[in-house]
Protein chains: 2
Amino acid sequence: MVSQLGTMNVTVAPVDKFREFLLTKKMRLTPEREAVVTAIYSSHDHFDADQWIDSLAGRKGSMLASRSTVYRTLHLLQEAGLIRKVARANDREVYEHDYGYPQHDHLICKKCGDMIEFPNEMISSVLETVAKEHGFRMSGHRLEVEGICANCSRPPQRTHRKLDMI
Amino acid sequence: MVSQLGTMNVTVAPVDKFREFLLTKKMRLTPEREAVVTAIYSSHDHFDADQWIDSLAGRKGSMLASRSTVYRTLHLLQEAGLIRKVARANDREVYEHDYGYPQHDHLICKKCGDMIEFPNEMISSVLETVAKEHGFRMSGHRLEVEGICANCSRPPQRTHRKLDMI
DNA sequence: CTACGTGCAAAGCTTTTGCATGGAA
DNA sequence: TTCCATGCAAAAGCTTTGCACGTAG
């Protein structure tokens with residue numbers, strides 16, 4: 001059957017893929033692990049551990065997963081190929097979905113911190129060539145392009161407020 | 001006059017460039033800062049903070065620069081464009097010279113940790129195109145290609161010892 | 001005399017780990 | 001019963017920072 005997740009070009013939902021992965025390691029898809037996966041796949045934004053710790057372990061009464069479990073699950077999800085580290089911001093690892101979405105890298109604005117995705121077929125093919133030349137078995141890459149985004153490099157021109165006519 | 005540093009294609013020695021940079025910030029090239037620069041530029045290997053802390057702050061009697069100073073100087077050297085972060089290994093930032101050497105990126109073996117440099121003109125030009133398309137003012141990039149190096153991917157074939165014939 | 005620098009030690013932060021408890025098979 | 005998992009709290013480990021003292025100009 002086909003996935004009901006419109007934008008994704010996969011047939012197996014992330015949670016299911018994760019379950020499969022866990023099976024191969026004799027591990028279980030616990031409610032906690034499921035909560036983490038669900039949370040992470042509820043949106044396609046970049047994220048770091050803390051975000052989910054806040055929302056999953058934050059509320060005292062109804063904890064969905066503890067800090068430790070979030071971290072532990074993040075590792076598992078990486079192994080499973082469901083997420084990957086894309087950058088490092090504020091001393092935290094930044095992750096993103098790595099399943100069901102086209103390959104891309106990021107332009108990172110060092111002023112506003114915005115991360116702009118761009119497709120990386122060109123780069124991948126260059127890297128494959130390079131790797132082959134070196135007898136290097138490439139398994140992945142991480143490319144952070146640093147600079148100032150269009151918005152932030154606009155001249156002083158005060159940040160558009162309601163009324164912009166003097 | 002021309003640099004006496006054979007392999008480098010610069011006319012101003014690193015230390016001097018650093019001094020110039022410091023001047024623009026009303027800072028001084030202290031003996032400690034000089035020691036750090038000298039140490040770092042004594043070889044072209046990749047390095048992390050700890051390496052220099054060990055060798056500069058290690059000996060009790062004759063400390064050349066303290067832990068704090070090494071870290072502080074590393075930041076300055078980055079600002080000055082003399083070094084750059086290239087990767088992250090063992091939870092430490094890995095730096096390399098970023099002055100007087102041709103642009104390149106790295107293939108990083110996740111087995112032995114070896115870092116293989118390769119020229120990146122192709123990649124840079126792709127990135128410049130991409131950046132332009134997004135009105136992004138690129139100032140640099142960091143590319144880590146992960147995989148297994150030729151050496152490590154060779155079949156079991158025991159690591160060549162002295163006698164390799166049975 | 002004033003501003004810049006340094007070393008020391010303590011603090012900061014994210015991420016990891018040890019341990020006792022709890023639950024699925 | 002036997003593992004696999006979790007939460008809590010403490011530990012780890014790199015890097016940063018506050019502070020008091022020195023010292024170049």
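Computed over heavy atoms, backbone and side chain alike; hydrogens, waters and symmetry mates excluded. Each chain gets a letter, A, B and so on, in the order its sequence line appears, and its residues count up from 1.
Contact annotation: B:Thr30 does not reach the phosphate of C:dC4 (side-chain N/O to OP1 or OP2, under 4.0 Å). Side-chain nitrogen and oxygen atoms of B:Thr69 include at least one within less than 4.0 Å of the OP1 or OP2 phosphate oxygen of C:dG7.
Residues A:Ser153 and A:Lys111 bring no donor and acceptor atom of their side chains to less than 3.5 Å of each other. Of the N and O atoms on the side chains of A:Glu32 and A:Thr69, not one donor lies less than 3.5 Å from an acceptor on the other residue. B:His104 and B:Glu96 share a donor-acceptor pair across their side chains, judged by distance under 3.5 Å alone.
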Under 4.0 Å protein heavy-atom contacts per nucleotide of nucleotides 9-25 of chain C, with B for base, S for backbone only and - for none: B----SBBBB-------
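Contact check on A:Glu144 versus A:Arg88 returns no salt bridge, with no Lys/Arg side-chain nitrogen under 4.0 Å from an Asp/Glu carboxylate oxygen.
Whole-Å rounding puts the B:Trp52 CH2 to D:dT15 P distance at 15 Å. The nearest whole Å value for the distance from the NZ atom in B:Lys25 to the C1' atom in C:dG5 is 14 Å. Here the C1' atom of nucleotide C:dG5 and the CE atom of B:Met63 are 14 Å apart, to the nearest Å. Separating the CG atom of A:Leu76 from the C1' atom of D:dC4 is a distance of 12 Å, rounded to the nearest angstrom. One can place CG of B:Leu77 at 16 Å from C1' of D:dT15, the figure rounded to the nearest angstrom. Rounded to an integer number of Å, the gap from B:Arg33 CZ to C:dG7 P is 11 Å. Atom NZ of B:Lys26 is separated from atom P of D:dG25 by 16 Å (rounded to the nearest Å). In this structure, B:Glu34 places its CD atom 15 Å from C1' of D:dA24, rounding to the nearest Å.
Hydrophobic cluster membership of B:Ile148, counting Ile, Leu, Val, Met, Phe, Trp and Tyr whose side-chain heavy atoms lie under 4.5 Å apart directly or via other members: none, as it forms a cluster of its own.
Between A:His97 and A:His44, the angle of the ring planes lies from 30° to 60°, which puts this pair in the tilted group.
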